[in-house]
Peer 1: 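A single structure is presented below for examination.
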Amino acid sequence: MTVPAAVAAAAFKKWAEPPKSTPSPPPPPGLLSTVPALWKDGRTRISTVDKALVKTPIIMELAHLTKTSHLLVLLYLVGALVYAILVIANVYAGFLTSLFAAVWPVMFSLRAAESMKKEDVQLWSAAMIFTAWLIFPWFNGSLLIYHSILKNLVPKPPPQPPKPDPRLSKWAYVK
């Protein structure tokens, strides 16, 4: 049994012609489908805020001095303010101060090591050593700083008159 050529051509036509392009289906709903749009929206909002911060003189000056973006300067200032408020209010003050004293030099020492500049490595290695010398009690660095420098800066209180013995009345005669 032979199949006529016209029937065979019609049967295999769908494989002979290239497929018609169909639009791709929309992404399924969910967080991953909205991430690109959110990313683009966030970048435009950040650039808008950064352009608005150019008008603020203190932020403009700090951004120029530190060579960072205006928004980053604002974030650093807000972080410093929150840190100061938490330390003054004694909310995790010891933890925050120890964390700040340990993390800041480590972070910049790693940056200096990555930059491979000798001056940066020396500066931040010295900062790490000095911080460890001040913080850890077995080095007694803080006591040395207090006794050699700070003790002389703090005025001494005036001498107090001796307190009377509470067992004696004010009319009692003491030899």
Side-chain angles (χ1 to χ4, degrees), residues 31 35 38-175:
L31 181 64
V35 167
L38 290 175
W39 183 263
K40 183 178 179 185
D41 185 46
R43 297 297 281 177
T44 56
R45 287 180 189 231
I46 286 173
S47 66
T48 305
V49 170
D50 203 29
K51 288 176 186 173
L53 289 173
V54 171
K55 299 173 187 170
T56 311
I58 186 74
I59 293 179
M60 184 174 63
E61 184 69 25
L62 288 172
H64 176 71
L65 289 173
T66 59
K67 295 177 180 54
T68 58
S69 71
H70 298 85
L71 185 63
L72 194 58
V73 168
L74 179 67
L75 290 175
Y76 281 145
L77 289 175
V78 168
L81 180 66
V82 168
Y83 171 77
I85 289 171
L86 289 176
V87 168
I88 290 170
N90 201 17
V91 178
Y92 302 114
F95 171 73
L96 287 173
T97 304
S98 298
L99 182 72
F100 183 69
V103 169
W104 190 266
V106 167
M107 184 175 70
F108 279 98
S109 295
L110 291 175
R111 269 193 199 164
E114 289 175 359
S115 74
M116 299 302 287
K117 292 181 182 175
K118 183 179 178 183
E119 297 83 22
D120 290 344
V121 173
Q122 287 176 342
L123 174 73
W124 287 105
S125 297
M128 288 282 296
I129 292 169
F130 184 72
T131 303
W133 181 71
L134 283 176
I135 290 177
F136 297 123
W138 54 85
F139 292 131
N140 290 330
S142 56
L143 286 175
L144 182 68
I145 295 289
Y146 173 75
H147 286 296
S148 63
I149 298 172
L150 297 177
K151 190 175 183 181
N152 298 330
L153 295 176
V154 177
K156 294 180 181 173
Q160 297 291 326
K163 292 185 178 180
D165 191 358
R167 295 174 297 173
L168 301 175
S169 72
K170 66 179 186 177
W171 303 110
Y173 175 70
V174 180
K175 281 189 176 184

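The chain is numbered in sequence order, starting from 1. All of these numbers come straight from a predicted model, not from anything done at the bench.
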Peer 1: Using a 3.5 Å cut-off and no angle test, enumerate the donor-acceptor pairs between side-chain atoms of residues 68-83 and protein atoms at least two apart in sequence or in another chain.
Peer 2:
{"from": "Thr68", "atom 1": "OG1", "to": "Thr66", "atom 2": "OG1", "distance (Å)": "2.9"}
{"from": "Ser69", "atom 1": "OG", "to": "Leu72", "atom 2": "N", "distance (Å)": "3.2"}
{"from": "Tyr83", "atom 1": "OH", "to": "Thr97", "atom 2": "OG1", "distance (Å)": "3.3"}

Peer 1: How would you list, by chain and number, every residue that makes a side-chain contact (heavy atoms from CB on, under 4.5 Å) with Thr56, sequence neighbours excluded?
Peer 2: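 Residues passing side-chain contact (heavy atoms from CB on, under 4.5 Å) with Thr56: Leu53, Ile58, Ile59.
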
Peer 1: Please list, one pair per line, the donor and acceptor atoms closer than 3.5 Å that link side chains of residues 133-147 to other protein atoms, with sequence neighbours excluded.
Peer 2:
none

Peer 1: Can you list every salt bridge (Lys or Arg N to Asp or Glu O under 4.0 Å) pair that touches residues 41-60, not counting sequence neighbours?
Peer 2: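 Qualifying pairs: Asp41-Arg45.
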
